[in-house]
Amino acid sequence: MRIIARRTLKEFWERHPDCEQQLKSWFHEANKSKWKNPNEIKIEYPSASILENNRIVFNIKGNHYRLIVKISFDYQMIWIRFVGTHAQYDKIDAAKI
């Protein structure tokens with residue numbers, strides 16, 4: 001899958017270096033994946049939350065951080081919509097961001 005934009009992740013782990021390895025791992029795993037539907041993501045990431053409009057919430061570093069992406073399974077693309085702390089996540093509407 002093609003991921004847009006890695007820079008968002010990099011900027012976040014530069015501010016929160018304790019999650020750098022987890023975000024890099026997620027990026028590399030997602031980049032090589034060829035997910036066809038949300039169920040395939042749940043197999044690989046059982047704690048991921050599936051939202052409306054092909055949005056997925058991933059728990060990063062034991063749920064200290066959250067990553068929200070929007071996926072086009074047809075075009076094999078992932079857009080990073082949000083990466084933040086659990087407290088920041090609680091202040092947003094994950095289905096609309």
Side-chain angles (χ1 to χ4, degrees):
M1 300 203 92
R2 183 169 176 221
I3 302 170
I4 302 176
R6 182 178 187 266
R7 179 176 48 94
T8 303
L9 298 178
K10 185 176 187 279
E11 289 171 355
F12 187 79
W13 76 55
E14 286 174 347
R15 290 190 315 273
H16 302 274
D18 62 321
C19 67
E20 179 177 357
Q21 289 308 312
Q22 290 85 354
L23 287 172
K24 283 181 175 178
S25 292
W26 176 88
F27 180 87
H28 292 296
E29 290 168 11
N31 193 45
K32 69 180 181 178
S33 295
K34 298 198 183 315
W35 296 315
K36 294 181 182 114
N37 58 58
N39 294 333
E40 291 184 0
I41 295 172
K42 287 294 278 185
I43 291 168
E44 217 170 311
Y45 294 95
S47 66
S49 299
I50 310 300
L51 306 178
E52 295 177 356
N53 298 319
N54 290 327
R55 291 182 194 268
I56 315 291
V57 180
F58 293 93
N59 298 318
I60 304 295
K61 194 176 183 266
N63 208 18
H64 285 98
Y65 302 100
R66 296 283 179 97
L67 171 65
I68 303 173
V69 301
K70 182 173 174 122
I71 298 180
S72 169
F73 295 102
D74 292 336
Y75 294 104
Q76 291 289 289
M77 293 189 67
I78 298 174
W79 290 271
I80 296 172
R81 305 299 298 164
F82 171 86
V83 59
T85 65
H86 202 321
Q88 291 169 327
Y89 173 82
D90 287 342
K91 295 177 183 175
I92 64 164
D93 183 349
K96 293 183 180 176
I97 195 160

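Small disclaimer: the values here were computed from a predicted structure and weren't measured.
Distance check, rounded to the nearest 0.5 Å: CD1 of Ile80 to CZ of Arg7 gives 10.0 Å. Note: Glu52 CD to Lys96 NZ = 9.5 Å, rounded to the nearest 0.5 Å. Here CD of Gln21 is found 8.5 Å from CH2 of Trp13. Values are rounded to the nearest 0.5 Å. Once rounded to the nearest 0.5 Å, the distance linking NZ of Lys24 with CD of Glu20 reads 3.5 Å. Separating the CG atom in Asn31 from the CH2 atom in Trp26 is a distance of 9.0 Å, to the nearest 0.5 Å. Rounding to the nearest 0.5 Å gives a distance of 11.5 Å between CD1 of Ile60 and CG of Asp18.
Note on Val69 and Phe12: same hydrophobic cluster, where clusters join Ile, Leu, Val, Met, Phe, Trp and Tyr whose side-chain heavy atoms are under 4.5 Å apart, directly or indirectly. Phe82 and Phe58 fall into different hydrophobic clusters, where Ile, Leu, Val, Met, Phe, Trp and Tyr residues are linked whenever their side-chain heavy atoms come under 4.5 Å apart, directly or through other members. When hydrophobic clusters are built by joining Ile, Leu, Val, Met, Phe, Trp and Tyr residues whose side-chain heavy atoms come closer than 4.5 Å, directly or via intermediates, Val83 is not grouped with Ile92. Both Leu67 and Ile50 belong to a single network of hydrophobic side chains, linked directly or stepwise wherever heavy atoms of I, L, V, M, F, W or Y lie under 4.5 Å apart. Ile56 and Tyr45 fall within a single hydrophobic cluster, where Ile, Leu, Val, Met, Phe, Trp and Tyr are joined by side-chain heavy atoms under 4.5 Å apart, directly or via other members.
With hydrogens and angles ignored, the 3.5 Å screen pairs no side-chain donor or acceptor of Asn39 with any backbone N or O of Lys42. In this structure, Glu44 contributes its side chain and Ile41 its backbone to no donor-acceptor pair below 3.5 Å. Distance alone, capped at 3.5 Å, is enough to place a donor-acceptor pair between the Gln88 side chain and the Thr85 backbone.
At least one side-chain heavy atom of Arg66 sits under 4.5 Å from a side-chain heavy atom of His86. The closest side-chain heavy-atom distance from Leu23 to Tyr65 is not below 4.5 Å.
Considering all non-hydrogen atoms of both residues, Ala30 and Ile3 come closest at CB-CD1, 3.8 Å. Between Asn59 and Ser47, the shortest heavy-atom contact is ND2-O, 3.3 Å. For the residue pair Glu11 and Arg15, the shortest heavy atom distance occurs at O-NH1, 3.3 Å. Here the shortest heavy-atom pairing between Phe73 and Trp35 reads CD2-O, 3.4 Å. The two residues Arg81 and Ile97 come nearest to each other via the heavy atoms NE-O, 3.2 Å. Closest heavy-atom contact between Leu51 and Ala94: CD1-CB, 3.6 Å.
Checked against side chain to side chain donor-acceptor pair (under 3.5 Å), Thr8 has no partners two or more places apart in sequence or in another chain.
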